[in-house]
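Please read the structure below before turning to the comments.
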Amino acid sequence: MTTFLEGVGAIGVACTLVMLVPAVALVLVARKARLTVALLYVMGAALLTWARAAGHWDVELSGGAVPLAAALAAGVFVIAYFAKGPLSLSATGAGAVAGALAGWLWRPCVGPELGEILNNTDTEAARTLGLMLVYMAGALLPALLLAVLPHALPATKRFLDRLPVVAVGGVVGAAYAITLATGHYDDLVGELYRIATNA
Amino acid sequence: MVRYLALGVLVAGLAAIVWTVVRGDDEGPDSAADPSTAVDPADAPAPAANTTVEATDAPEAAAPEAADAVDEVPGPADSAAEATLPDATAADVAAADAEVTVAETTVPPEPIEVLGEADTLTNLDGWLNTDATSLEEIRAANKLTVVQFWTFGCRNCKNTLDALSRLYTDFRGRGVEIVGVHSPEFSYEADVNNIIEASADLGVIWPIALDTDKRNFHRWQPGNIGYWPRVYVIDGDNQIRFDRTGDGRATYEKLYETVEQLLVEA
């Protein structure tokens, strides 16, 4: 529970917004598979963050990896938009790849619980992977709740399915891909955070 | 049924967010920012007017409170002695206590592992709060060097500053220097004027190495990882003896104990 709540507490931190903003945008875009995309995004992000900490994924985001990451970012938004249903390969694939991409990009500000996870990935693999999933569910809770919303309150589905709302997600997705390609994604999020919080 | 389940998830999730906001998560119970580990600003050494920290200005080492606190906690041996002597006389209990005390004082602490050779700091954009121009220079003048990668906009980094201030107050006069390697995540954190202002506001009086393009941040944390805050202890032989990530209170208590133990060994 503490791990989950630390993740929830990290929602308002700029470091976490780097990962959260694309998640929310992707959920807005994936009209027919919001929950699938959100859940797989959480899993993908948790798995890759854990794999990096454990030393199983050490591909640096530089050189040829940058356009690849940008292409993936753009691709998952397109695929998620055209996903035919919650159990479709396109929905699960888009969510998982988008989450993994976020986990690859993420450089976290580390609290006590996340610190314990990251410090022990090599000695307690299964436990730390489970805890990472819990942490990530907390950190990405707004995206999960947005995905759950149409199921809990069906009246909101019509609003979320409206083209302008979906377009907002698409615009954020495009900005995500473009700023990744130009190496300015972190800076954009940082500036938006600074303006929003008057930091 | 699905709808009610989704509604439950929605309500529980919103409750978690509201609870976290109301509680004020930036100083959680396990964070190093816990008030019990904070240093009274009046006890902290004042920064020099020219922002250069002089070794001779540092206060004398204070009695380490952490060690006292550990001594006060009854260990398992105490409990065992009490449990096996329900009908013992006062003399027996005193004798048992004496034995326990002897046992405690003769057990040497676990040796602190050598984690590898420390890297250096290169391609820096400058230093603040010191006349030194390299990590080597600082290392040569001290028995131990605590290197922390941080950035002033990082909430978790800020949570560690009270614990680092305490460490600085207690050990600066015994040959321990802290080097805060400022590695900004966002562009506004890279502006040197913002760093100077934030450091003053946050009470960071130890040397700061400006690692604006994060070259050292990434070289010290190889394998495509990069965490704030991350803290290392480097001994006189340039070996890393402590390496932890995060702002956990346990981490910074362990840091204090490690520094204390390494000073005894040095």
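Letters A, B, ... mirror the listed sequences (proteins, then strands); counts begin at 1.
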Selection from A:A53, A:G55, A:C15, A:P108 maximising heavy-atom pairs under 4.5 Å formed with chain B
A:P108
Which one, A:L114, A:I117, A:V59, leads in non-hydrogen pairs under 4.5 Å with chain B?
A:V59
Test side chain to side chain contact (heavy atoms under 4.5 Å, CB included) applied to A:V110 and B:N156, step by step
CA-CA 6 Å; A:V110 183; B:N156 303 100; 5.6 Å; no
To check you understand the geometry: which heavy-atom pair defines the closest contact between [X] and [Y], and what is its length?
| X | Y | value |
| --- | --- | --- |
| A:C109 | B:E185 | SG-OE1, 4.3 Å |
| B:A16 | A:V8 | O-CG1, 3.8 Å |
| A:R52 | B:I225 | O-CG2, 3.4 Å |

Which atoms of A:W106 approach chain B - backbone, side chain, both or neither, heavy atom under 4.5 Å:
neither
More than 12 heavy atoms of other groups within 6.0 Å of B:R219 CZ
yes
Would you please go through residues 121-155 of chain A and name the residues with a non-hydrogen atom below 4.5 Å from one of chain B, in numerical order?
A:L141, A:L145, A:V148, A:L149, A:H151, A:A152, A:L153, A:P154
Report the C-alpha distance between A:V18 and B:F186 in whole Å, list the side-chain angles of each, state the deciding distance to 0.1 Å, and finish with yes or no for side chain to side chain contact (heavy atoms under 4.5 Å, CB included).
CA-CA 11 Å; A:V18 168; B:F186 302 118; 4.2 Å; yes
Tell me, for [X] versus chain A, whether the close heavy atoms (under 4.5 Å) come from the side chain, the backbone, both or neither.
| X | value |
| --- | --- |
| B:S187 | both |
| B:F217 | side chain |
| B:L5 | neither |

Which distance, rounded to the nearest 0.5 Å, do you find between the NZ of B:K214 and the CZ of A:R107?
4.5 Å
